Amino acid sequence: KAGVTQTPRYLIKTRGQQVTLSCSPISGHRSVSWYQQTPGQGLQFLFEYFSETQRNKGNFPGRFSGRQFSNSRSEMNVSTLELGDSALYLCASSLMGTSYEQYFGPGTRLTVT
Amino acid sequence: AQSVTQLDSQVPVFEEAPVELRCNYSSSVSVYLFWYVQYPNQGLQLLLKYLSGSTLVKGINGFEAEFNKSQTSFHLRKPSVHISDTAEYFCAVSDRSGGTASKLTFGTGTRLQVTL
């Protein structure tokens, strides 16, 4: 069974631009969560989608948004990029609405210059 | 709200020696507890989890952890480490009330460095 895949793996953007990251969960998984990992702030929860609905949201500005499609694939978007948005963005999927085990993808490394 | 404290940012240890990585948490509600491992250039992999029941939980790769409610701790242990255990280890908690562990609060991580 294929794991969680994230595309692209690496991305370089300029301050002020916007970016879209993609996450394909494990087949059959309906919940997708996103995390930001930086050396200064560590791992922080962004948001979670289940059955195309945002179920949980972390403390990030409105520039960070996401969505989930009917096939459970998810995208996150960051508008008006700032230097501080440089990070590893991790996606995790889990099987059902009530699940205690998340499977993480390899992440997308975003660099903002 | 919850918070997680990993007291050691780095733990150097010789191969075949035992190791303990410490984790303390703070929460006003009951939580689920997890340990994840991250190898270089990879995502996170679940080592073990505590949901309920026995306070000693066993995970993959020979790791185990003990939940201590009175001390709000969830320390990770391995009796004999290998070079391949060199990685970053993260302790995490999740609020029980939501019935799901999809919103994890992580500690800052402990870098385990195993040498010969």
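Quantities reported herein were computed from a predicted structural model and do not represent experimental measurements. Every chain is numbered from 1 and lettered A, B, ... according to where its sequence line falls, protein lines coming before strand lines.
When the shell of 6.0 Å around CD1 of A/I12 is examined, it contains 12 or fewer heavy atoms from other residues, nucleotides or ligands. Within a 6.0 Å radius of CD in B/E16, no more than 12 heavy atoms belonging to other residues, nucleotides or ligands are found. Annotation: A/R9, atom CZ; neighbour count of heavy atoms from other residues, nucleotides and ligands within 6.0 Å is above 12. The number of heavy atoms from other shown groups lying within 6.0 Å of CG (B/N41) does not exceed 12.
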| query | Where do A/L43 and B/T108 land on the side chain to side chain contact (heavy atoms under 4.5 Å, CB included) test, with the steps shown first? | reply | CA-CA 7 Å; A/L43 280 154; B/T108 50; over 6 Å; no
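Neither the backbone nor the side chain of B/Q45 comes within contact range of chain A; no heavy atom of the residue lies under 4.5 Å from a heavy atom of that chain. Heavy atoms closer than 4.5 Å to chain A are found in both the backbone and the side chain of B/L44. In this structure, no portion of A/L46 lies under 4.5 Å from any heavy atom of chain B. At a 4.5 Å heavy-atom cutoff, A/R109 makes no contact with chain B through either its backbone or its side chain.
Within the model, atoms CD of A/E101 and OH of B/Y32 stand 14.0 Å from one another, a figure rounded to the nearest 0.5 Å. A distance of 10.0 Å separates CD in A/Q44 from OG1 in B/T105, rounded to the nearest 0.5 Å.
In plain terms, the two heavy atoms of B/Q38 and A/L90 that are nearest each other are NE2-CD1, 4.4 Å.
Using a 4.5 Å cut-off between side-chain heavy atoms of Ile, Leu, Val, Met, Phe, Trp and Tyr, with links allowed through other members, B/V37 and A/Y103 fall into different hydrophobic clusters.
Between A/E48 and B/K103 there is no salt bridge, since none of the side-chain N atoms of the basic residue sits less than 4.0 Å from a carboxylate O of the acidic one.
A ring-centre distance under 6.0 Å is not found for B/F106 and A/F45.
Not a single donor-acceptor pair under 3.5 Å links the side chain of B/Y36 to the backbone N or O of A/F104.
Residues A/Q102 and B/L104 form a side-chain contact, since some pair of their non-hydrogen atoms from C-beta on lies under 4.5 Å apart.
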